[in-house]
Trainee: 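Okay, here's the structure, questions in a sec.
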Amino acid sequence: MAEQTTQIAHPLEPFLRKTTIPHIWCPGCGDGTILNSFVTALKELEVNLDKIAVISGIGCIGRIAGYTNTDSFHTTHGRPIPFAVGVKLANPELNVIVISGDGDLFAIGGNHFIHAARRNIGIKVICSNNFNYGMTGGQQGPTTPLASRTATTPFGNIEHPFNLVHLAAASGAVYVARWTTLHVRRMTESIKKAIQKEGFSFIEIVSPCPEIYGKASKIGTAMDFMNWFKKASVIQNFSDPAQAEITAEKIPVGEFVDVEKPTFEKLLREMTAQAQGKVTGGA
Amino acid sequence: MSTKKLWRKPLDIEKFKVPKAEICLIKDRCKGCGYCIQFCPRQVLEESEEINVRGVHPPKVVNPEKCTICGFCEAICPDFAIFVLEKPNEKKETKEAEKNERKK
């Protein structure tokens, strides 16, 4: 049976929780690759794991908080960003990373996202975009492509999807990137860059959902998704995010925004110090 | 190192060696997505006949000498089931290399 099983542990094992791995994601699910890239980024950066907080919402990718061997928090549906903002403001030294899905971050949590980006709060948001609500049975979501079939749109979706990179860039994020799970190296580099950056960073990762969305939309297996990504993705670094809509023919990927802006927590500290100085000076 | 394909032998070919890879599989973790097999740039892996505890066919190493330790299989594997290590140089080879150097 399993006589060939190797005795040597996987090099990323220290970054994963032994009690929860192997994970429960479907065969070929992009979430596993995102977890792999994320922990690889942590390993390559040689960061202190006690200074990392992973926060996730509800959805398939929400389980990532339980798989990373860091401080982590699995929050309520749509609210990973408010929890993350609380963590970041309470302890600005922590590197707070939100990893969640498209339905969680942009449907129920859409308002939290745009306002956290507008305030430029120093959290990092990694969004796994699988085009539907995979965990609950493949309902149509805010990123489902037009005319695509899902469990709740059996004749085709009639709603226009979000262009997430444009939304993040327009809301004021200082770092915006999009990759697919096929671009593992670039995704890892992007995650490293986001972790080192101050301010609100957003990375969208287009991810296959072979078991749920793949079957409903008739895209097919995990390999069909990957071949689609391979064929359709075009690297367009610093191109106009407004033009970066995902279609069946073209998936524009790359880094779209990389600017510097004072962060909310820095301005908050300065304002607090200034106000305290005024109060004590007047008394 | 195959010198047949080179039209001109590099001067320092004796000094450099292509590192040998040791491809480690944790077979019972594999869910059979096939990414490592499909996206290996050197076609090192192939689907095996055996069935693991999850009821899928894990990959098997068919061309270990072709592997250049790019690590793409390790990076793309969603299940942490494959990783590549560099084999330490075997003694025989080092002896041969020493002999070659002495001849010169």
Side-chain angles (χ1 to χ4, degrees), chain A residues 1-18 20-41 43-44 60-61 64 67 128 180-189 207-208 210-211 221-227 229-230, chain B residues 19-64 67-90:
Chain A
M1 297 295 280
E3 73 283 353
Q4 287 286 310
T5 310
T6 174
Q7 296 298 313
I8 314 162
H10 195 283
L12 294 171
E13 215 75 50
F15 297 86
L16 303 167
R17 273 183 218 195
K18 279 176 193 163
T20 53
I21 295 287
H23 56 66
I24 64 158
W25 291 319
C26 305
C29 177
D31 294 351
T33 310
I34 295 170
L35 174 61
N36 193 333
S37 276
F38 176 64
V39 293
T40 307
K43 189 188 176 193
E44 287 177 6
C60 294
I61 188 93
I64 206 165
Y67 296 142
S128 163
T180 74
T181 51
L182 188 61
H183 299 89
V184 272
R185 302 270 189 230
R186 291 184 168 95
M187 192 204 316
T188 310
E189 288 304 313
S207 166
E211 297 296 326
T221 61
M223 204 57 80
D224 294 328
F225 268 97
M226 287 304 226
N227 287 331
F229 296 161
K230 195 176 177 182
Chain B
K20 289 203 169 173
E22 190 179 351
I23 300 158
C24 305
L25 293 160
I26 308 173
K27 284 185 181 169
D28 286 345
R29 274 193 188 175
C30 178
K31 289 177 186 168
C33 66
Y35 290 165
C36 53
I37 301 166
Q38 177 77 17
F39 296 113
C40 174
R42 304 293 296 264
Q43 289 83 42
V44 171
L45 301 162
E46 217 173 71
E47 196 175 84
S48 66
E49 295 286 313
E50 66 177 290
I51 294 174
N52 70 1
V53 288
R54 292 173 186 276
V56 300
H57 301 291
K60 64 174 177 191
V61 182
V62 286
N63 294 319
C67 179
T68 55
I69 324 188
C70 74
F72 195 78
C73 52
E74 185 182 333
I76 205 165
C77 179
D79 295 287
F80 303 94
I82 188 167
F83 59 99
V84 193
L85 301 172
E86 192 180 326
K87 255 188 204 169
N89 273 340
E90 287 167 20

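Just so we're on the same page: letters track the sequence lines, and every chain starts at 1.
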Trainee: If you take all heavy atoms of A/Leu12 and B/Phe80, which pair is closest and at what distance?
Mentor: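 In terms of heavy atoms, the two residues are closest at CD1-CE2, 3.8 Å.
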Trainee: Given a strict heavy-atom distance threshold of 4.5 Å, which part of A/Thr181 is in contact with chain B: side chain, backbone, both, or neither?
Mentor: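 Only the backbone of A/Thr181 comes within 4.5 Å of chain B.
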Trainee: Can you establish whether the number of heavy atoms outside A/Arg185 located under 6.0 Å from its atom CZ is more than 12?
Mentor: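 It does: A/Arg185 CZ has more than 12 such atoms within range.
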Trainee: Rounded to the nearest 0.5 Å, how far apart are NE2 of A/His10 and CG of B/Asp79?
Mentor: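 One gets 10.0 Å once the value is rounded to the nearest 0.5 Å.
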Trainee: Taking all non-hydrogen atoms of both residues, which atom of A/Pro27 and which atom of B/Cys33 are closest, and how far apart?
Mentor: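 Heavy atoms only, the tightest pair is C-CB, 4.2 Å.
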Trainee: Return the minimal non-hydrogen interatomic distance between A/Gly28 and B/Tyr35, and the atom names on each side.
Mentor: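 Of all heavy-atom pairs spanning A/Gly28 and B/Tyr35, the closest is O-OH, 2.7 Å.
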Trainee: Would you mind reporting whether A/Glu13 and B/Phe83 have side-chain heavy atoms less than 4.5 Å apart?
Mentor: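 B/Phe83 vs A/Glu13: side chains apart.
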Trainee: Quick check: under 4.5 Å, non-hydrogen atoms only, which of residues 68-76 of chain B neighbour chain A?
Mentor: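 If one takes a 4.5 Å heavy-atom cut-off, the residues of residues 68-76 of chain B near chain A are B/Cys70, B/Gly71, B/Phe72, B/Glu74, B/Ala75, B/Ile76.
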Trainee: Between B/Ile82 and chain A, with a heavy-atom cut-off of 4.5 Å, which part of the residue counts as in contact: side chain, backbone, both or neither?
Mentor: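 Backbone only.
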Trainee: Of all heavy-atom pairs between B/Phe39 and A/Met226, which one has the smallest distance, and what is that distance?
Mentor: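 Looks like CZ-CB, 3.5 Å.
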Trainee: Are the side chain of B/Lys31 and the backbone of A/Cys29 linked by a donor-acceptor contact shorter than 3.5 Å?
Mentor: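 It does not hold such a pair.
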Trainee: Among A/Thr40, A/Ile34, A/Leu182, A/Asn227, which residue forms the greatest number of heavy-atom pairs with chain B at distances under 4.5 Å?
Mentor: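 Highest number of heavy-atom pairs under 4.5 Å: A/Leu182.
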Trainee: Please examine the side chains of A/Pro22 and B/Arg54, heavy atoms only from C-beta on, and report whether any two atoms are closer than 4.5 Å.
Mentor: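 Contact flag for B/Arg54/A/Pro22 side chains = yes.
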Trainee: Taking the side chain from A/His23 and the backbone from B/Pro78, do they hold a donor-acceptor pair closer than 3.5 Å?
Mentor: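 Yes; at least one donor-acceptor contact below 3.5 Å.
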